[in-house]
Amino acid sequence: MQLEEQLRSKMQEKDILLMTHIVLGYPSLEVNREVIRQMVENGVDCIEMQIPFSEPMADGPVILKANQEALATGISVKDCLIFGAEMAATFDIPFLYMTYYNIIYKYGEESFFKNAAKTGIKGVIVPDLPPEIGQSFLEYADNNHVAPVLIFTPTSTDERMRELARHGRGFIYCVARRGVTGKKSELNEDFHQYLSRCQAATSLPLAVGFGIQDRDDIEALKGRADIAVIGSRTIKLVEAEGAAAVGPFIAGLR
Amino acid sequence: MQLEEQLRSKMQEKDILLMTHIVLGYPSLEVNREVIRQMVENGVDCIEMQIPFSEPMADGPVILKANQEALATGISVKDCLIFGAEMAATFDIPFLYMTYYNIIYKYGEESFFKNAAKTGIKGVIVPDLPPEIGQSFLEYADNNHVAPVLIFTPTSTDERMRELARHGRGFIYCVARRGVTGKKSELNEDFHQYLSRCQAATSLPLAVGFGIQDRDDIEALKGRADIAVIGSRTIKLVEAEGAAAVGPFIAGLR
Amino acid sequence: MDTNGFFGNWGGAYIPEVLYQTFLELREEYARCRKDPAFWQEYIELMETYSCRPTPLTHAKNLTKHFGGAQIYIKREDLNHTGAHKANNVMGQGLLVKRMGKKRVIAETGAGQHGMATATMAAKFGLDCTIYMGEEDVLRQRPNVFWMEKMGATVVPVQDGSRTLKDAINEAFRDWVTNVDDTHYVFGTACGPAPFPEMVAWFQSIISIEAHKQILNYHGKLPARVYACVGGGSNAMGVFKRFLEEDEVELVGVEAGGYGADSGAHAIRLSSDDASAGVAQGYKTMFLQDDDGQMKQTHSVAAGLDYVGVSPILTDLWEKKLVRFESATDDEVMTALDLTMKKEGIIPALESSHAFAGAFREVGSLSTEEAIIINQSGRGDKDIFTIAHAFDDPSWKEFIIERGKEYSNTDKQ
Amino acid sequence: MDTNGFFGNWGGAYIPEVLYQTFLELREEYARCRKDPAFWQEYIELMETYSCRPTPLTHAKNLTKHFGGAQIYIKREDLNHTGAHKANNVMGQGLLVKRMGKKRVIAETGAGQHGMATATMAAKFGLDCTIYMGEEDVLRQRPNVFWMEKMGATVVPVQDGSRTLKDAINEAFRDWVTNVDDTHYVFGTACGPAPFPEMVAWFQSIISIEAHKQILNYHGKLPARVYACVGGGSNAMGVFKRFLEEDEVELVGVEAGGYGADSGAHAIRLSSDDASAGVAQGYKTMFLQDDDGQMKQTHSVAAGLDYVGVSPILTDLWEKKLVRFESATDDEVMTALDLTMKKEGIIPALESSHAFAGAFREVGSLSTEEAIIINQSGRGDKDIFTIAHAFDDPSWKEFIIERGKEYSNTDKQ
Ligand SMILES: Cc1ncc(COP(=O)(O)O)c(C=O)c1O
Ligand SMILES: Cc1ncc(COP(=O)(O)O)c(C=O)c1O
């Protein structure tokens, strides 16, 4: 089953889905494993696993630091892919890779997507590859039935959204605001108008990310978006209270 | 009796005359007084007393330092003139002032020469006043019967020497070499030729200074010059061994 | 540049979606400027009255005699206001910012020269200004930081990654995606997402437009070779651009050899096999990266050259063999600098000294009928802390120790 | 200048006899140069190809708006090679030295700018070079000392007297009388024995020849006033000279007010009653001296302005009321510097900042139809140690303390 179908079937059961984010290798794959277990057991519907990159241009301080510290442990892309395969085989929810384009470019687009497909990864999010220069990337994704998830932002025009929607698969990642990951977003009237524009531009499910932090935020998204994305928040939680804190936190979100 | 006559009458008695140099106020007028006494008692024929100036451009390190330290004691031009008058009244040899032009300019040329004349000073040596811009200076000197002593140097042409000789009185101060006071001069063949040129250019007595340090130097000057000038050498002597060393040193020079 | 911003296989605009619209507007405004002769005229007038253009082309007669080969001419970008070619680009972008009506500029800086130039432009054009600078570079280039602050800019030391230029670039992008509406990012070199490489090269082309005229005027014919140091590649593109139209002129880019090509501690992207194709900081080029695509640490005695990437335009020219690339080690560079100071009374920046070192190696084997041009991208004054340190000057050290003690003592009171 | 080197009551050549012949030759060679249009042409070409002449005249629109008075134009001598107007004089004398066939040059320096320029010229012309610099100034201007040495000059710290500029001049004269045959003394300002004042002013007049053309071109008419700082007076004479022919232009010289005109700690020779006529350092002018004629200590935040004398040409113009003299205190100067950096992105040297301070005080009361020219004699980079200190910049201090510690530690190893 492909990503969009999988999500749509879950959407039948819940009024909003939860997607979470982890940085592979931070603080270690062991902790990642435990965190993912807790997430899945507490009802997370989808997880994006970030393969760390030395230049995470679109990430804020928390994820930036996580990338750097993961790399400092010596983790390789191959380690990440083996771990990703293990997770996809172990847990029955869709897993995605999130990373910057260079990681995939250096690995080889074709090999990367073949690997993802073979190991059961459902989608890939790359924040620095606009579709007009990602033709081969998009083709390999489609050929391998791995969803290339594209991004809408508040600065995207309606026309641009329609263009992006044409290439996106699985769902659309709607960035809640200008800026990088990690800072709280105001979910105000402007934001609602923005989400309406997003909905109008695509028939794909909408995920909303950047600064979603607690139950109130998620409550506010219900009926307006299909998926709420929790990013830096769980990373900070693990830093502060350890992996065991993740389960209760997730459980309390919905 | 004017300076030239005084010197000529002494020249009858000795094969070479001695002129010495002191910096007024260095290390103190008391020491100056003692040094001068020793000089006169041991046969010095003429003394130039330098009125210190803050910018002694033509002096080397020894006399430069003496100027500065004298000024640091707070000595004034007036102090110097009173002291000069005392010396001229006390000792029966000709005294000269040596100083830079600004001291005389600020004091007033006319007043300065009147004072010198009145107090029995016989001549004035100013190293930074070429005669072509010293007309009034030269006139006041002549009017007051105080000899303006002019300077020949190895770079002076024959023509320039004749021009200088026209304005000079008392004697001509022949600088032994290029440079400032205090360094030893080579009294070699070039030097002898230079002295011959000096002799040819003037009928005034010739004093030779800059770097004359010992009995050998003075011996070498006999027959070629009329006056040997000892400058920094005695200043250093006083610094090293005190005023009492001056008498024996002078006595040993001839 | 094709419509997607590529030069052959290189370049593009690998940007976060949030910047899409801004880049669209930037590309359009840039296109309008290129078509409008009045814009270039305004640019030239600004550079003539505020900076010191045209900068001279100096015939280095003593160096020429010393090497006994081609006539050495030095293009004097050091005489620009703020002391380097960086001013050309920044003033040009300043005019663009005014047309776009933005009120704030940001910039990354490595050596501090681009930050200085941007802070200067911001003061002149009345814009708010924030400069991102790797913490490492803040320490290496404190005087520049001081002046930037005095001109009213906020200097933010970047503590991520290698804490040098590339990290400052990332951080500037983070600012930009946050403040995209009122802010323009004044990119400092011919790198980054399109249209920056081409736009920066366009503003810098003023160097070779002048030099082309000057060399014909002084030497009577075209130079055999033109040398430039290559950090991001802006001064090189600037001094090469007009000469690219002339087949008989060989263009030579000199990269930072650091401790040597085999040491791993260098910034040689094109003249060794250590780099590979990659995509980062918004564009595709040859990067110094590992097999996974993680960027490597670089090293150069010149803070402005130790960058992991290089202009995609240069990479294209390299691939097409239209520009030759060489490198010079830190040691060779110090020797070249020393010789240039002693022979010509000219103090090239450490960056620029790479071009001198590259030229000195070869100039002796050219005929005295020929000429070469070396682009002196900046002046070395800014590098006094580095140069005095590198020459291990004892009185300098003593001076700094004394000053340091004075400050320690007064701080304690 | 009359045949004895006087301008009205001032100037002359009060030199030791040993220099008579050399001055004769110098005066003759200078006279030949003045008569020879090819000499001036050679000079212009040198300045165009080695320095950055013509230097720009910058319309300071933001400062103009800030003060709401006359249009402020800045003559950019800071863009000269080596960073100050001093280069004009030195390069001119360099050409003279070559004609006279001398092999060695010496110079005094205060701020270090003239020393830098002379060391630079000596390197370019292949001459031996010794620079005399007061020990006090060596400490204040260590970066300049470093560069002079790197360019091959010997820098001699002078430990006599006040250990500043005037003592360096005395010491240079001592060298000259010793090595008169092969050595030329490159006097650094429009002072000293004739023909130096006139000759230096002649070389510097290139500033006003350019500025005169430029202001007519940009502003359409002559400026109401021209401002310059006055140390020895060379940049002032340079920017005044051509405008002296224009009755409607008021010329204003700004002296170093130090801690204030009443403090006794300043270098105001012409705009207060503290100075009197005197003769020293080879010429007659107004000196800061006591009643006995001993020179006084002077003070200025700008090392290039705290000089006891002043150009005899300016003293003559002062006496004839053809130039107005003002002063600016250290504090006023720092404020003017700060404003200029923030408003225009331009960093005047502390010396030049005096001219800015003098102009800022008055410009608001002139009509916006009028223009003024401020001569920016040099750039402030050289003053970083003084300026950062004066602004009491904490990160600068920390930086110096850290560097100092590093050096102390390695020295101990
Ligand atoms: C003087 C100077 N030259 C060269 C460079 C390198 O940049 P680019 O390769 O873009 O010219 C720098 C960068 O800071 C610089 O300051
Ligand atoms: C930048 C600058 N301006 C002015 C001066 C003062 O000299 P002058 O009055 O001769 O122009 C100096 C002297 O060093 C200087 O360096």
Side-chain angles (χ1 to χ4, degrees), chain B residues 51-61 64-65 67-68 70-72 74-80 99-108 126-135 150-157 159-161 163-164 172-175 177-183 210, chain D residues 2-6 11-25 158-163 166-183 192-194 276-285 287-297 308-309:
Chain B
I51 305 174
F53 180 45
S54 57
E55 320 300 312
M57 177 211 264
D59 282 297
L64 166 59
K65 175 166 158 276
N67 272 264
Q68 287 173 2
L71 289 173
I75 195 168
S76 69
V77 173
K78 210 171 141 208
D79 296 336
C80 293
T99 194
Y100 288 82
Y101 181 55
N102 198 46
I103 297 296
I104 297 170
Y105 177 77
K106 278 292 282 186
Y107 194 88
V126 175
D128 63 346
L129 185 68
E132 58 277 11
I133 57 175
Q135 292 99 333
L150 296 195
I151 296 167
F152 286 1
T153 80
T155 60
S156 310
T157 59
E159 187 192 343
R160 176 67 179 169
M161 285 183 181
E163 170 67 12
L164 292 166
I172 292 289
Y173 192 123
C174 303
V175 162
R177 54 166 167 73
R178 291 158 179 77
V180 290
T181 52
K183 244 177 56 194
F210 278 40
Chain D
D2 69 16
T3 49
N4 281 323
F6 283 87
Y14 295 82
I15 49 170
E17 189 57 33
V18 67
L19 293 178
Y20 180 84
Q21 193 58 26
T22 282
F23 268 86
L24 204 68
E25 287 158 22
V158 177
Q159 294 163 347
D160 312 311
S162 56
R163 304 199 306 279
K166 72 172 178 56
D167 312 283
I169 293 178
N170 291 335
E171 202 57 31
F173 272 114
R174 290 186 192 107
D175 180 317
W176 206 12
V177 299
T178 311
N179 303 294
V180 53
D181 301 329
D182 70 337
T183 297
S276 60
V279 173
Q281 314 214 291
Y283 68 111
K284 183 186 285 185
T285 195
F287 282 102
L288 286 166
Q289 55 183 336
D290 68 16
D291 293 341
D292 271 4
Q294 312 297 355
M295 297 301 144
K296 285 195 195 163
Q297 294 276 1
V308 288

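Order of the sequence lines sets the chain letters (A, B, ...), proteins ahead of strands, with each chain counted from 1.
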When rounded to the nearest 0.5 angstrom, what distance separates CE in B/Met57 from CD in D/Glu171? 11.5 Å
Sole candidate of B/Ile75, B/Ile103, B/Asn67 that passes side chain to side chain contact (heavy atoms under 4.5 Å, CB included) when paired with D/Gln294: B/Ile103
Gap separating the OG atom of B/Ser156 from the CD atom of D/Glu17, nearest 0.5 angstrom: 4.5 Å
Chain B heavy atoms under 4.5 Å from D/Phe287: which part of the residue, side chain, backbone, both or neither? neither
For residues B/Phe53 and D/Val279, report the shortest heavy-atom separation together with the two atoms involved. CZ-O, 4.2 Å
B/Tyr107 portion near chain D, given a 4.5 angstrom heavy-atom threshold: neither
Just by modelled atom types, is the D/Gly293 backbone N or O under 3.5 Å from a matching donor or acceptor in the B/Asn102 side chain? yes
Tell me, for B/Pro61 versus chain D, whether the close heavy atoms (under 4.5 Å) come from the side chain, the backbone, both or neither. neither
Of the listed B/Thr157, B/Leu129, B/Ile104, B/Leu164, the one with the largest count of heavy-atom pairs under 4.5 Å with chain D is B/Leu164
Select one option (side chain, backbone, both, neither) describing which atoms of D/Gln281 are under 4.5 Å from chain B's heavy atoms. both
Could you pull out the closest heavy-atom pair between D/Asp291 and B/Lys106, with the gap in Å? O-CE, 3.7 Å
Output the distance between atom OG1 (B/Thr155) and atom CG (D/Leu19), rounded to the nearest 0.5 Å. 7.5 Å
Determine whether B/Ser54 and D/Lys296 satisfy the following criterion, side-chain hydrogen bond (donor to acceptor under 3.5 Å, both in side chains), listing intermediate values before the conclusion. CA-CA 9 Å; B/Ser54 57; D/Lys296 285 195 195 163; over 6 Å; no
Got D/Val18 and B/Val175 here, is their nearest side-chain heavy-atom distance under 4.5 Å? no
Below 4.5 Å, heavy atoms only, C-beta onward: do D/Gln21 and B/Pro154 meet side chain to side chain? no
Using every non-hydrogen atom in the two residues, find where B/Ala58 and D/Pro16 come nearest and quote the distance to one decimal. CB-CG, 4.5 Å
Side chains of B/Glu55 and D/Lys166: does their closest heavy-atom pair fall under 4.5 Å? yes
OG1 of D/Thr178 to CZ of B/Arg177, rounded to nearest 0.5 Å, is 7.5 Å
Residue part contacting chain B, namely of D/Tyr14, when any heavy atom lies under 4.5 Å: both
May I have the step-by-step check of side chain to side chain contact (heavy atoms under 4.5 Å, CB included) for D/Phe6 and B/Ile133, ending in yes or no? CA-CA 10 Å; D/Phe6 283 87; B/Ile133 57 175; 3.6 Å; yes
Are D/Asp160 and B/Lys65 side-chain neighbours, meaning at least one heavy-atom pair lies under 4.5 Å? no
What part of B/Gln68 gets closer than 4.5 Å to chain D, counting heavy atoms only: side chain, backbone, both or neither? side chain
So, do D/Phe173 and B/Val180 sit near enough that their side-chain heavy atoms are less than 4.5 Å apart? no
With a 4.0 Å cut-off, would you call B/Arg178 and D/Asp181 a salt bridge? yes
With a 4.5 angstrom heavy-atom cut-off, is it the side chain or the backbone of D/Ala13 that approaches chain B, or both, or neither? backbone
Side chain to side chain donor-acceptor pair (under 3.5 Å) involving B/Ser76 - partner list, sequence neighbours excluded: B/Asp79
Interface residue of largest heavy-atom contact number with chain D, from B/Pro130, B/Ala72, B/Gly179, under 4.5 Å: B/Gly179
Which region of D/Asp175, side chain (C-beta onward) or backbone (N, CA, C, O), has a non-hydrogen atom less than 4.5 Å from a non-hydrogen atom of chain B, or is it both or neither? neither
Applying side chain to side chain contact (heavy atoms under 4.5 Å, CB included), run through B/Leu64 and D/Arg174 and close with a yes or a no. CA-CA 11 Å; B/Leu64 166 59; D/Arg174 290 186 192 107; 3.5 Å; yes
Residue among B/Ile51, B/Asp59, B/Asp128 with most heavy-atom pairs under 4.5 Å to chain D: B/Asp128
